[in-house]
Amino acid sequence: MSGAPSHPDIDFSLEIFPPKTDVGEARLQQVLRTFYELKPAFISVTSASRRSVADFTWATSNLVHEEYGKVAPHITCSGKSRAEIERLAAGYRARRISRIVALRGDAPPRGARGSGNEPLRHAVQLVRQLKRIADFDISVAAYPETHPEASSAAADLAHLKEKVDAGANRAISQFFFDPDVFLRFRDRVVAAGVSVPLVPGLLPILNFERMTGFADKCNADVPQFLRRMFEGLQPQSLDHKLLAMNILSYQIGRLIAEGVTRFHFYTLNETTLIRHVCRWMRMAF
């Protein structure tokens, strides 16, 4: 046996969040050095409806672009006017940043308004506007377990198709813990005529209690067996870390067995588990 990987096309992208303090900025520099060495397809940088967060996203995205060259800043449209989106996207285009993650984002604080007319309310509007500005490579969100605000799973899937028809190049899923949830969703996406790549988004369980809070907000089911297995484990304990690694490795292995070759990791700016699992993916498959 040569030891060569059987799936040489396996690749992944990594999501980070921008720092808001000097300490966070110093730590992010260390995180990025680790992630650059993994050679991801791109590094995405989260944003939010609040303008202060968008400013941090702008600065961090430009940093990653200058040092690594493969960055995908998030642009959220909730609470922003068309003029604001135009200025932001044009700024990225001027810096030769061609990848964008286009999201509706959280609703802005009550009483907040975008400067200018015609506020955008849906991600499909954002995708259309971005494509008018430049031929960006656009990723959008997909929800295997249905967006919490969607009227039905069918309506949610129809909205995904709208975003793709508007010009999205790929869909990145919300995180999930049962691989079969994603695989069934993939079947439905294909049956609906959505032909762009559907990339599974995976969340390492760095802190089980914190993770369940994320899951509640985005309608992601946390299986009861996970609750039982993590019961009483402290996030910094070896048992917690090994269990998290095993679960993530199982998800990846199961998805690769079903033909999945692209992955997106919600890293939460933590490197240890991501570093090991991404090296394992590159060497073992």
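Computed from heavy atoms alone, side chains included, the values below leave out hydrogens, waters and symmetry copies.
- Put simply, the side chain of Met211 reaches to within 4.5 Å of the side chain of Val222, judged on heavy atoms.
- When all heavy atoms are compared, the tightest approach of Ile75 to Leu126 is O-CD2, 3.2 Å.
- At least one donor-acceptor pair under 3.5 Å links the side chain of Thr267 to the backbone N or O of Glu15.
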query = Should Val124 and Val140 be marked as a side-chain contact (heavy atoms from CB on, under 4.5 Å) after you check the CA-CA gap, both sets of side-chain angles, and the distance that decides it?
reply = CA-CA 9 Å; Val124 65; Val140 294; over 6 Å; no
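- Nearest heavy atoms, Cys218 versus Pro148: O-CD, 3.9 Å.
- Looking at heavy atoms from C-beta onward, Asp178 lies out of side-chain contact with Asp221 at the 4.5 angstrom threshold.
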message = Quick one, Leu157 with Thr146, criterion side-chain contact (heavy atoms from CB on, under 4.5 Å). Give me CA distance, side-chain angles, the key distance, then yes/no.
response = CA-CA 8 Å; Leu157 184 54; Thr146 307; over 6 Å; no
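- Looking only at side-chain heavy atoms (C-beta outward), Pro204 and Leu206 come within less than 4.5 Å of each other.
- Between the side chains of Arg27 and Asn269, no donor-acceptor pair is found at a separation under 3.5 Å.
- Judged by distance alone, with hydrogens and angles left aside, the side-chain atoms of Gln251 form a donor-acceptor pair with the main-chain N or O of Phe176 at under 3.5 Å.
- Hydrophobic clustering (ILVMFWY, side-chain heavy atoms < 4.5 Å, transitive): Tyr143 and Phe182 are in distinct clusters.
- A chain of hydrophobic side-chain contacts below 4.5 Å, direct or via other Ile, Leu, Val, Met, Phe, Trp or Tyr residues, connects Val71 to Phe136.
- Remark: Ser249 OG to Arg254 CZ distance equals 15.5 Å, nearest 0.5 Å.
- Trp58 and Val101 fall into different hydrophobic clusters, where Ile, Leu, Val, Met, Phe, Trp and Tyr side chains are chained together by heavy-atom contacts under 4.5 Å.
- Residues Leu130 and Val127 are members of one and the same hydrophobic cluster, defined by side-chain heavy-atom contacts under 4.5 angstrom among Ile, Leu, Val, Met, Phe, Trp and Tyr.
- More than 12 non-hydrogen atoms from other residues, nucleotides or ligands lie less than 6.0 angstrom from CG of Asp187.
- Annotation: side chain of His240 is in contact with side chain of Ile205 (closest heavy-atom distance under 4.5 Å).
- Between Leu160 and Ala141, the closest heavy-atom pair is CD1-O, 3.8 Å.
- Contact of the Ile100 side chain with the Pro73 side chain is registered, since non-hydrogen atoms from C-beta on lie closer than 4.5 Å.
- When side chains are defined from C-beta on, Arg275 counts as touching Leu38, because their heavy atoms get closer than 4.5 Å.
- Separating the CE atom in Met229 from the CG atom in Asn246 is a distance of 7.5 Å, to the nearest 0.5 Å.
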message = Please determine whether side-chain contact (heavy atoms from CB on, under 4.5 Å) holds for the pair Leu32 and Leu28, giving the CA-CA distance in whole Å, both sets of side-chain angles, and the decisive distance to 0.1 Å.
response = CA-CA 6 Å; Leu32 288 174; Leu28 182 65; 4.0 Å; yes
request  = Please lay out, stage by stage, how Ser44 and Ile172 fare under the test side-chain contact (heavy atoms from CB on, under 4.5 Å).
outcome  = CA-CA 11 Å; Ser44 69; Ile172 299 174; over 6 Å; no
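- Of all heavy-atom pairs between Ser152 and Ala155, the closest is OG-N, 3.0 Å.
- Each of Val64, Leu63, Thr60 was scored for a side chain to side chain contact (heavy atoms under 4.5 Å, CB included) with Pro18, with one residue passing: Thr60.
- For the atom pair CZ of Arg93 and OG of Ser98, the computed distance is 12.5 Å after rounding to the nearest 0.5 Å.
- A donor-acceptor distance shorter than 3.5 angstrom exists from the side chain of Arg95 to the backbone of Gly91, with no hydrogens or angles considered.
- Side-chain contact between Arg104 and Arg121 is absent, with no heavy-atom pair separated by less than 4.5 Å.
- For the residue pair His74/Thr46, the side-chain donor-acceptor check at 3.5 Å is not satisfied.
- Side-chain atoms of Lys131 never come within 3.5 Å of backbone atoms of Ile138 as a donor-acceptor pair (strictly under, hydrogens ignored).
- Minimum heavy-atom separation, Thr271 to Phe35: CG2-CE2, 3.9 Å.
- In this structure, the side chains of Met245 and Trp280 stay at 4.5 Å or more apart for every pair of heavy atoms.
- Within 6.0 Å of the CZ atom in Arg279, the count of heavy atoms belonging to other residues, nucleotides or ligands does not exceed 12.
- Between Gly105 and Ser78, the shortest heavy-atom distance links the atoms O-CB, 3.9 Å.
- Between the CZ atom of Arg262 and the CZ atom of Phe12 there is a distance of 11.0 Å, given to the nearest 0.5 Å.
- In terms of hydrophobic clustering, with Ile, Leu, Val, Met, Phe, Trp and Tyr side chains grouped at heavy-atom distances under 4.5 Å, Leu103 and Phe42 are assigned to different clusters.
- By the 30° and 60° cut-offs, the orientation of the rings of Phe263 relative to Phe265 is parallel.
- Between Arg170 and Asp137, at least one side-chain N (NZ, or NE/NH1/NH2) sits under 4.0 Å from a carboxylate O, which counts as a salt bridge.
- Contact check on Glu231 versus Arg227 returns no salt bridge, with no Lys/Arg side-chain nitrogen under 4.0 Å from an Asp/Glu carboxylate oxygen.
- Note: Tyr266 and Phe175 have perpendicular aromatic rings, judged against thresholds of 30 and 60 degrees for the angle between ring planes.
- At least one donor-acceptor pair under 3.5 Å links the side chain of Gln129 to the backbone N or O of Arg82.
- The CG atom of Leu238 sits 11.0 Å away from atom CG of Leu243, with the distance rounded to the nearest 0.5 Å.
- Aromatic ring pairs are classed by plane angle as parallel below 30°, tilted from 30° to 60° and perpendicular above 60°; the pair His159 and His122 is perpendicular.
- With hydrogens and angles ignored, the 3.5 Å screen pairs no side-chain donor or acceptor of Asn207 with any backbone N or O of Pro235.
- Atoms CZ and OG, on Phe230 and Ser237 in that order, are 9.0 Å from each other to the nearest 0.5 Å.
- Without hydrogens or angle criteria, Gln29 side chain to Ala26 main chain gives no donor-acceptor distance under 3.5 Å.
- Judged by distance alone, the side chain of Tyr68 and the main-chain N or O of Pro40 form a donor-acceptor pair under 3.5 Å.
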